[in-house]
Amino acid sequence: MAPKGGLNVRVLTMDTELEFTILSKTTGKLLFDQVVQTTGLREIWYFGLQYTDSLGMESWLNLDKKVQDQKVKKEATLQFKFRVRFYPENVVDEIIQGSTLRLLYLQVKADILNETIYCVAEKAVLLASFATQAKYGNFEADVHEAGYLANDKILPEQVMSGHKLSREEWENKISLFHAKHKGMPREDAMLEYLKVAQDLETFGISYYDITNKKGSELILGVDCLGINVYNEGDRLSPKISFPWSEINRISFKNNNFIVKLNDKKSPKFIGICRKPKMSKKIYELASGNHEMYMRRRRPDTLEVQQMKAQKRDEETSRAKEKAELSKEIAARAKAEQMREEMETKYKEMEERMKKRESELEEANQNIKRLEEQLQELRDAKDNLESQQDELKEMMQKLEEAKNLEAEERHRMEEEIKLKQEEIEEVRNLVDEKEKQTRDLQEEVEISRQKLEETTASFTAVIETQNGDASSVSSDEHDNGSVSSEDKENSIDIPEIIVDPVEEREVGMDAEMTADLEELGKELEEKKNEENETDETKSTGKT
């Protein structure tokens, strides 16, 4: 509750709500100063305090008068809006502070969405994509899934209703442009938004209904570049333009707003306002815009010079940090690439090791079989020698038994024959075993050679990996931009790689311009098809 003789005041900025208690003698300037001190703004010349007067008209608070003496709508808490009153000619050249940029961006975005500023469909999509980048940052397909803009007002109603596209289709078009802004900081996205918006036909223009001496209804527009006169119903194409450089004097008298030109031969322009005291409001707004026009063409004040110097220092510092970050990111990206290459090579090595193990197992089995064959060969040779000894013994007995009876001799000859046949079989078996042994020895030799080749290849890969790791470590050290933690663990491959911040030159490039033109043609064709369909339906009904 306000103290005795005090007034409660609520001020709405574009991103916050402020409440003050002021004295009955508080002037508009004191209240304005309280607001800018609270918000920390320094570029105060763009802003003013707007209120709804007792007649329901939007007015600007006079800073030289007491607040309570002005026709602010009487309420328990006086309501004001802190808004941009005088727009810059060129956002890039004039706006210095980030806080000023943000408030201007929020106000212009609101004016475009509520159709105070007219915007064609394709530019509305582009602007929505910059606004999305400013709010959500980089587009990530796994994060920003379909419907991520469902809770946002993304386009003016006249754009959405003027084309028979579903909201999902509009969101898809916006997300396609959003993805192209990857790496763009939020402040840059707001700046890009304003760079496009400031070229819209109705940007920064305040409109007033007037008539001329003939009684023709016209519209008067006042902005940072001068005064324009429009036919009623057409706020896009001025009928007459009076640039500030051609205006000698502006004034008001009763309901008349008067423009006198430098060219003495040119008649002065007189606009007759339809509402009482509107001529004075037009005069105050026009005078302020003219003063801003002249201010821009004079040398900067000391305060502005200091602010610009501070901005340059901050930009230099950010550029340096960005360069260092880019180097670090490049080193990390290289490390990530090396890690991927190593993982691929390690997988290859694992496959080779498995193959080597398989070959080793096969070789061991061959060796085991060889040992068994050799043992069988030794046993066969021993058996052959034993059989040969027996045959020799039997031959000796046969020699000694020459005098034996024929029957006994025949029996011994049969035994000798059988023994010879048995020896021949054993000899054949030994020959076969020797052949199998030679074949097995050849297989073992081939397996041994394969093992040697695999081992040599494995050793070469290990040496290459060690060399690559050393190279990465050396590169990171040379860059001089890797964090202290990375320096301590320079040999380790980082588990998480930060997405690189891509270098982006501010401004629409040729590709973006081409995409925008293509979108414009697509929407125009869509609209023509819809009109043809509507005409066909109408003809059918007739």
Side-chain angles (χ1 to χ4, degrees), residues 13-16 29 32-49 60 63 82-109 111 127 130-131 133-134 181 183-200 203-205 222-226 243-245 285-326 501-509:
T13 71
M14 291 304 302
D15 58 359
T16 190
K29 187 176 188 314
F32 182 81
D33 289 344
Q34 277 187 281
V35 175
V36 297
Q37 287 172 8
T38 303
T39 57
L41 279 173
R42 295 180 65 188
E43 296 174 274
I44 61 176
W45 42 86
Y46 295 111
F47 298 90
L49 288 171
W60 293 97
L63 301 187
F82 186 74
R83 294 289 185 267
V84 173
R85 187 179 185 185
F86 305 112
Y87 288 78
E89 289 180 30
N90 189 310
V91 174
V92 176
D93 295 337
E94 296 176 46
I95 300 300
I96 303 172
Q97 282 191 304
S99 53
T100 308
L101 180 74
R102 174 174 171 76
L103 289 178
L104 177 60
Y105 158 75
L106 292 173
Q107 184 168 330
V108 171
K109 185 179 75 164
D111 287 345
L127 290 172
F130 285 127
Q133 178 72 15
H181 306 324
M184 185 186 294
R186 283 178 165 81
E187 189 167 303
D188 286 357
M190 290 189 284
L191 183 62
E192 289 296 321
Y193 187 103
L194 291 171
K195 284 169 62 178
V196 175
Q198 71 183 357
D199 290 332
L200 299 176
F203 175 84
I205 301 178
V222 181
D223 69 358
C224 60
L225 296 176
W244 292 122
S245 58
L285 184 66
S287 295
N289 271 293
H290 181 261
E291 172 57 30
M292 289 291 291
Y293 174 84
M294 298 303 296
R295 177 192 180 109
R296 294 183 190 104
R297 284 146 183 82
R298 291 194 293 262
D300 290 334
T301 62
L302 180 60
E303 180 185 10
V304 172
Q305 291 178 30
Q306 290 173 344
M307 290 168 64
K308 286 185 175 179
Q310 183 179 354
K311 181 182 179 181
R312 285 193 296 272
D313 291 342
E314 291 173 353
E315 288 176 346
T316 301
S317 177
R318 282 198 297 268
K320 185 178 179 181
E321 291 175 0
K322 190 173 182 179
E324 291 176 352
L325 180 60
S326 297
V501 180
E502 300 176 355
E503 291 291 333
R504 184 186 182 282
E505 187 174 344
V506 176
M508 276 202 298
D509 55 20

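As the structure is a computational prediction, the values presented were derived from the model and not from experiment.
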Using every non-hydrogen atom in the two residues, find where A134 and A189 come nearest and quote the distance to one decimal. N-CB, 3.8 Å

By salt bridge (charged side-chain N to carboxylate O under 4.0 Å, His left out), which residues pair with E314, not counting sequence neighbours? none

Using side-chain heavy atoms (C-beta onward) and a distance below 4.5 Å, is Y46 in contact with T100? yes

Do K320 and T316 make a side-chain contact, defined as non-hydrogen atoms from C-beta onward lying under 4.5 Å apart? no

Side chain to side chain contact (heavy atoms under 4.5 Å, CB included) with I96: of Q310, R42, R312, E43, only one passes, and it is E43

Measuring only between side-chain heavy atoms, which start at C-beta, is L101 closer than 4.5 Å to V91? yes

Separation between CG (L194) and CE (M190), nearest 0.5 Å, reads 8.5 Å

Could you tell me if the side chain of I95 sits less than 4.5 Å from the side chain of Y105, heavy atoms only? no

Closest approach of R295 and V304, non-hydrogen atoms and distance? NH2-CG2, 4.0 Å

Would you verify whether the NZ or CZ of R297 falls within 45 degrees of the ring axis of Y293 while also being under 6.0 Å from that six-membered ring's centre? yes

Are the side chains of L103 and D15 in contact, using a 4.5 Å heavy-atom criterion? yes

Where is the tightest heavy-atom contact between E89 and R296, given as atom of each residue plus distance? OE2-NH1, 3.2 Å

Any side-chain to backbone donor/acceptor pair from E187 onto G98? Under 3.5 Å, distance only. no

Residue pair T39 / F47, side-chain heavy-atom distance below 4.5 Å: no

Non-hydrogen atoms of D111 and Y87 that approach each other most closely: OD2-OH, 3.6 Å

With D313 via salt bridge (charged side-chain N to carboxylate O under 4.0 Å, His left out) - residues at least two apart: none

Just by distance, do the side chain of Q133 and the backbone of M184 share a donor-acceptor pair under 3.5 Å? yes

Taking side chain as C-beta onward, heavy atoms only, is Q97 less than 4.5 Å from K311? no

How many angstroms lie between SG in C224 and NE2 in H290, if you round to the nearest 0.5 Å? 13.0 Å

With sequence neighbours left out, write down each residue that passes side chain to side chain contact (heavy atoms under 4.5 Å, CB included) with I205, or none if nothing qualifies. Y207, D223, Y230

Distance (rounded to the nearest 0.5 Å) between M307 CE and T301 OG1: 8.5 Å

Contact summary for F203 and V108, nearest pair of heavy atoms: CE1-CG2, 3.6 Å

With a 4.5 Å limit on heavy-atom distance, are the side chains of F82 and L49 in contact? yes

Minimum heavy-atom distance between F86 and N289, given as atom pair plus value: CE2-N, 3.6 Å

For Q306 and L302, what are the C-alpha separation, side-chain angles and deciding distance, and is it a side chain to side chain contact (heavy atoms under 4.5 Å, CB included)? CA-CA 6 Å; Q306 290 173 344; L302 180 60; 3.9 Å; yes

Can you tell whether the side chains of R298 and E291 come within less than 4.0 Å, N to carboxylate O? yes

Rounded to the nearest 0.5 Å, what separates atom CG in L285 from atom CZ in R85? 6.0 Å

